[in-house]
Protein chains: 2
Amino acid sequence: MPEAPARIIAVDTHDIRFPTSRELDGSDAMNPDPDYSAAYVVLRTDAADGYEGHGFTFTIGRGNDVQVAAIDALRGHVLGRPVEELCADPGSLFRDLIADSQLRWLGPEKGVMHMAIGAVVNAVWDLAARRAGKPLWQLLADAEPEWLVRQIDFRYITDALTPEEALDLLRRGREGAGDRRARLLERGFPAYTTSPGWLGYDDDKLTRLAAQAVADGFRQIKLKVGADLADDVRRCRVARAVVGPDVRLAVDANQRWNVDEAIAWTKALAEFDPYWIEEPTSPDDVLGHAAIRRAVTPVKVATGEHVQNRIVFKQMLQAGALDIVQIDAARVGGVNENLAILLLAAKFGVPVCPHAGGVGLCELVQHLSMFDYLAVSGTTEDRVIEYVDHLHEHFLTPVVIRDGHYTAPTTPGFSAAMRPESIARYTYPGGTFWAADPDTQKGQAA
Amino acid sequence: MPEAPARIIAVDTHDIRFPTSRELDGSDAMNPDPDYSAAYVVLRTDAADGYEGHGFTFTIGRGNDVQVAAIDALRGHVLGRPVEELCADPGSLFRDLIADSQLRWLGPEKGVMHMAIGAVVNAVWDLAARRAGKPLWQLLADAEPEWLVRQIDFRYITDALTPEEALDLLRRGREGAGDRRARLLERGFPAYTTSPGWLGYDDDKLTRLAAQAVADGFRQIKLKVGADLADDVRRCRVARAVVGPDVRLAVDANQRWNVDEAIAWTKALAEFDPYWIEEPTSPDDVLGHAAIRRAVTPVKVATGEHVQNRIVFKQMLQAGALDIVQIDAARVGGVNENLAILLLAAKFGVPVCPHAGGVGLCELVQHLSMFDYLAVSGTTEDRVIEYVDHLHEHFLTPVVIRDGHYTAPTTPGFSAAMRPESIARYTYPGGTFWAADPDTQKGQAA
């Protein structure tokens, strides 16, 4: 009698929240007091190997319960799937999830439901990479171009990228990958740091952290701007004086402005030679970003952490709205959709500099940039991954930064797994931290 | 001692689902088996008048629980608000809800969280209109232009519409409103009907219902298309033969196509003189709609029921992507955001033909079109509200269609209130219908 194939037997979810608002870590012009959180999912199987798949959506506090409810709403699509089939073709689940005709009404392909899909799909990739015994970047870089193309849903993007073009990009992209892999393992992938630049920090803290960033080997730092122009001018002057003319200084407005304001404010900061202006306006505004880019050149325009899906990225590229594509590992529909976005960026010749920070976003997104380097763009020139030095201690295999570079992970998987003791402590509201905290109701209720 | 002001004392939510999939009512190329549902909210106060405010989000089944959870996440913003202040300025709540910095991360202003905001905001407008003793269309049409402008959040749209331009549109729009009001009360507002055209209906049913529509006084019907071209050609031929050359025949692809497919398919149906092609592709694809419009003229391009917010509508208009703006009363952030969208459409001279159907969408959106007629566009020419003859019996003041026109409601409020016995029967999964239904698990589980 043949053995029954292993199946997914549980989709466990956790509402995990960290009290980051108390230190103003993560404070910016739109998000004055975030409590960095994760709607966390664990896929369990009945396979003898005992591997699990971990994934999550990043949120900043309130609403993390809604995000968990959205992941729970996907459970029926996942339970009972044969593990081997699923890991051999994560795209099959991705397609089923985005095509659920009833759930689709809640998006389509945007916001809470789409992020939930991303969490589940990423958990499958984590499981697949663990079973393959490879870090995800390596699994992707080793994959055949034909297989990678089948992982992509081309609906709504064929006017910018066809499957044939994607295949061609991937075939050419892998040429010389062996040499690049050796360099990646030796030097890592360039990072930049946002740690000095939170809006809630005073000038002394900014000065100290910016100097530290340069000493640590970073060649780019980022400052949050957009709340008060005089403050921004002062802070940019302080930062530029500390880092000198050769370290790149990016600024980030977190969607604070209308189109006209974005143009005027960016020009007012131009004397400090900002490398890019990030999220100058609504992430939905393709035409607005295009107008801003035309007006503020040579300052580059960057966005993406809130761009909802491949369809908006496609238009940003078609309209010439962006100089920098900032993918986020946990905003869109997971690895599958990010493959489409990486290829769209390559097609249009625009560098990808991922958004990270939050909870575990650095851990995830490093894999996508390393794959991009090995098998798509083939270069790290003008490519940097954001780095923020918070909350890594809660992960089993936290990112390792060395001389301003992300070290290539070697542990199999997607680096997504949180430490069990962190999950137990920060589960909201019942975990030991929150249950013992007198401010729990005040800090989390709306 | 002055009396304490009345406050909002409860935000009750209900997960209500109707088993519409069993009759293929509502079936289209993307939604083969919807169970029309409402995430329903009731605001209760401690005022002596006993008035409540009712609102809801429309969904098509699975995920309605996620939508309810999202409304629940807003409760803290609403409880305890003074009723009089709130009703005098619903925009104050709207602004607070879209600006909640933590919840904003789950959008921003799109998908599940934004629809939840719309449900709550619309419930406030229902309460405000009941307290004013007016149907909502009349409350809006009687309001001062200055007050209406203050109800709008102009963030991210000032490059297309400034507050000053909005004020000017509203001042000019109300000229002659008295005459139009008399005509509205006498004749109503033109409707078109989608009832004949569901994809799941056979040709006999299509023929019978199309003939009935013409007999009932409708001057436009709509057919769902996009699953199979040969079927669509046959069904359009049948429909055109039944209704004759003078009744408008719209077709609706429900986002089924890529840009190239949309162009080819629409051209293949051109011989039947379709009035508009609705949702030819992704509602996120501004540039795609613009390309389609350029290619399929003189067939008009319409979309909006899934357009997530004013920012995407703004771009659709800026890019010349639409001939028809199809607002939906319960997709965006409620009446306040729809005021912005109506004014954007007026600024660009594009007629508004609302999406309706679903659960209670006809009941809500008629108020917005009637306000548009009285105080913004000033005309019903080329303006029609969708009408679908399902589920009205569950509302306390259902729409009244007479000779192909929506009769102006006279009952105070937003026509949003569902019958208590319908709520009790169709609450999922505990209501008497679902609890007694042997297919409950099978029909609703993913």
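This structure is a prediction, so every number in the text was calculated from the model and none was measured. Here is the naming used below: chain letters follow the sequence lines, and residue numbers restart at 1 for every chain.
Between A:Asn258 and B:Asp159 there is no side-chain heavy-atom pair separated by less than 4.5 Å. When side chains are defined from C-beta on, A:Arg155 counts as touching B:Arg256, because their heavy atoms get closer than 4.5 Å.
A distance of 7.5 Å separates CG of A:Leu287 from NZ of B:Lys314, quoted to the nearest 0.5 Å. The CD atom of B:Gln102 lies 5.0 Å from the CG atom of A:Asp35; values are rounded to the nearest 0.5 Å. Atom CD1 of residue A:Ile60 and atom OG of residue B:Ser101 lie 5.5 Å apart, to the nearest 0.5 angstrom.
Scanning all heavy atoms of the two residues, the minimum distance from B:Val66 to A:Ala69 falls at CG2-O, 3.7 Å. When all heavy atoms are compared, the tightest approach of A:Leu106 to B:Gln67 is CD2-OE1, 3.8 Å. Across A:Thr281 and B:Tyr156, no two heavy atoms sit closer than the pair OG1-CD2, 3.3 Å. Pairing each heavy atom of A:Gly111 with each of B:Lys110, the nearest pair is N-CD, 4.4 Å.
Side-chain contact, B:Gln308 with A:Gln308: a donor N or O sits under 3.5 Å from an acceptor N or O. Checked by atom type, the side-chain pair A:Asn309/B:Asp284 shows a donor-acceptor distance below 3.5 Å. At a cut-off of 3.5 Å, with distance as the only test, a side-chain donor of B:Gln255 or A:Arg104 sits close to an acceptor on the other residue.
Of the possible donor and acceptor atoms, none in the side chain of B:Trp105 sits under 3.5 Å from a partner among the backbone N and O of A:Pro34.
With sequence neighbours left out, A:Ala262 forms a side chain to side chain contact (heavy atoms under 4.5 Å, CB included) with A:Trp257, A:Pro280, A:Ile292.
A:Val259 touches chain B through its side chain: at least one heavy atom from C-beta onward sits under 4.5 Å away, while N, CA, C and O do not.
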